[in-house]
2 protein chains.
Amino acid sequence: MSLEHAILVSLLEQPASGYELARRFDRSIGRFWTATHQQIYRVLKQLAEDDRITGEEIGQESLPDKKLWSVTPTGRAALVGWLHAPVRPEAVRHELAVKIRGAAFDDAAGRALLVAEVERYRADHETVLAGYLAGERRDFGSAAPDARAALQHVVLRGGIAYERMVLAWLDDVLATLRDLDPERPPA
Amino acid sequence: MSLEHAILVSLLEQPASGYELARRFDRSIGRFWTATHQQIYRVLKQLAEDDRITGEEIGQESLPDKKLWSVTPTGRAALVGWLHAPVRPEAVRHELAVKIRGAAFDDAAGRALLVAEVERYRADHETVLAGYLAGERRDFGSAAPDARAALQHVVLRGGIAYERMVLAWLDDVLATLRDLDPERPPA
DNA sequence: TTGCACATGTAAAATGTTACATGATTAT
DNA sequence: ATAATCATGTAACATTTTACATGTGCAA
């Protein structure tokens, strides 16, 4: 389980409530680790029981109270130990690749539906890439980054490289699918 | 759940026993969908109960009996229906990215350990890429591919593009990590 | 005789997803 | 009024991972 480690990193970068963490997992952290608020609350509970984080009750005017979680020295030591442990090979699960190989068992009309679906999927990735590039301009424009910014930036560059690779590959996929059924009338 | 669909595609390409499927998920299919034999046997059971596959008992000399599974017309129809359904956004979970951002909370000595780990991880990906390229030369060297080969090939090209992107990014990561601790004595 | 490849499973634990549940404030 | 944001959880279900379990034949 790396969700606990992802949460520790995020809390070290900036203490937060469960709700704020969930927001981050929808944005910046979600680039490389997704989680829902249900998972986050469960893991926060465990981390607090093990004294790896501590929560401070914060009363807010005109907003519900929240618990602001911070990493303890114990938690920080646990994270650092984990950093040096072997990285496991990623468990690849690419649904679209399954569909593409499955298209061999479909007919031309069915494959046309798949082409439409791939185009929609491609548009989603264009949007994600645009968001990454906007974030890069916003957060990493100026010079002289500290260690934290340099590391956040290299992770973001990884996301950008991934999205560009996906877009190029999807163009390859679309060309391949269209080559299978060439005699499509223009009207 | 796409594992059932990945299994249907694989069985349509070539009927197989559970054991043989597990082997394929270690190799070619594992490029885009991983599964262990425990998962595979469980899903085969379900698929058989729903009449989407049928098993034929095969007695083998000097080897244990096996069940050879094939996709039924019902199973094929179910797969084709799924092909046209929306592709869900992938749930990204990249452990290494978490570690890299976590490195901001480690010291130079600890980061040196992470560098070593990234180098090992990079070597693994070099091996995977070499395997893909060898497979490409072996399976897709000659001309005039049919639909099935063309689709398998474009998926493999996706794997190749992914590995190349990862290797380039890991070089970026290594350069970034080394820039953080520049005054390392050569002896 | 030790280990690997073949062959198929069960069980328990950990994780992840989806749905349900509540309640205040702010903006339209 | 209605929806969105803030804020925190529980419960049920699905899926994945890890460990356990068994047995044959062949090669070093």
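Because the structure is a prediction, the values reported are computed rather than measured. First the proteins, then the strands, lettered A, B, ... as listed; each starts at 1.
Of the residues in residues 11-18 of chain A, those placing a heavy atom less than 4.0 Å from an atom of DNA chain D are A:Ser17, A:Gly18, in numerical order.
Below 30°, between 30° and 60°, or above 60°: for B:His94 and B:Trp169 the angle between ring planes is above 60°, a perpendicular geometry.
Every residue meeting the side-chain contact (heavy atoms from CB on, under 4.5 Å) condition with A:Thr36, not counting sequence neighbours, appears here in chain and number order: A:Gln38, A:Gln39. Residues forming a salt bridge (charged side-chain N to carboxylate O under 4.0 Å, His left out) with A:Arg23 (at least two apart in sequence, or on another chain): A:Asp26. For B:His153, the ring pair (Phe, Tyr, Trp, His ring centres under 6.0 Å) partners at least two apart in sequence or on another chain are B:Phe140. Residues meeting the salt bridge (charged side-chain N to carboxylate O under 4.0 Å, His left out) test with B:Asp51, sequence neighbours left out: none. Contacts of B:Phe32 classified as ring pair (Phe, Tyr, Trp, His ring centres under 6.0 Å), with partners at least two apart in sequence or in another chain: none. Judged as a salt bridge (charged side-chain N to carboxylate O under 4.0 Å, His left out), and not counting sequence neighbours, B:Glu90 has no contacts. Applying the ring pair (Phe, Tyr, Trp, His ring centres under 6.0 Å) test to B:Tyr121 and every residue at least two apart in sequence or in another chain returns B:His125.
Distance A:Lys67 NZ to D:dC6 P: 19 Å, rounded to the nearest Å. Distance A:Ile40 CD1 to D:dA7 C1': 13 Å, rounded to the nearest Å. Between A:Arg24 atom CZ and D:dA7 atom P there is a gap of 12 Å when expressed in whole angstrom units. Spacing between atom CZ of B:Phe25 and atom C1' of D:dT17 amounts to 16 Å, rounded to whole angstrom units. Remark: P of D:dA7 and CH2 of A:Trp69 are 15 Å apart, rounded to the nearest angstrom. Atom CD1 in A:Ile58 sits roughly 17 Å away from atom P in D:dC6 (whole-Å rounding).
Phosphate proximity of C:dG9 to B:Lys66: absent, as no side-chain N or O sits under 4.0 Å from OP1 or OP2. Close to C:dT8, at under 4.0 Å from its OP1 or OP2, lies no side-chain N or O of B:Lys45. At C:dC6, one or more side-chain N or O atoms of B:Tyr19 fall inside 4.0 Å of OP1 or OP2 (strictly under the cut-off).
Each end of the helix from C:dT1-D:dA28 to C:dT28-D:dA1 gets its own axis, taken as the rotation carrying the C1' atoms of four end pairs onto the next four within a five-pair window, and the two axes meet at 30° to the nearest 10 degrees.
Nearest nucleotide to the B:Tyr41 side chain, out of D:dG9, C:dG9, D:dC6: C:dG9.
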- Task: Determine, for nucleotides 15-20 of chain C in 5'-to-3' order, which nucleotides have protein heavy atoms under 4.0 Å from the base (write B), from only the sugar-phosphate (write S), or from neither (write -).
- Result: SBBBB-

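Sorted by first then second residue, the salt bridge (Lys or Arg N to Asp or Glu O under 4.0 Å) pairs that include residues 148-164 of chain B, not counting sequence neighbours, are A:Asp172-B:Arg157. Listed by first then second residue, pairs satisfying salt bridge (Lys or Arg N to Asp or Glu O under 4.0 Å) with a partner in residues 69-86 of chain B number zero, not counting sequence neighbours.
Between B:Glu126 and B:Arg122 there is a salt bridge, since at least one side-chain N of the basic residue sits less than 4.0 Å from a carboxylate O of the acidic one.
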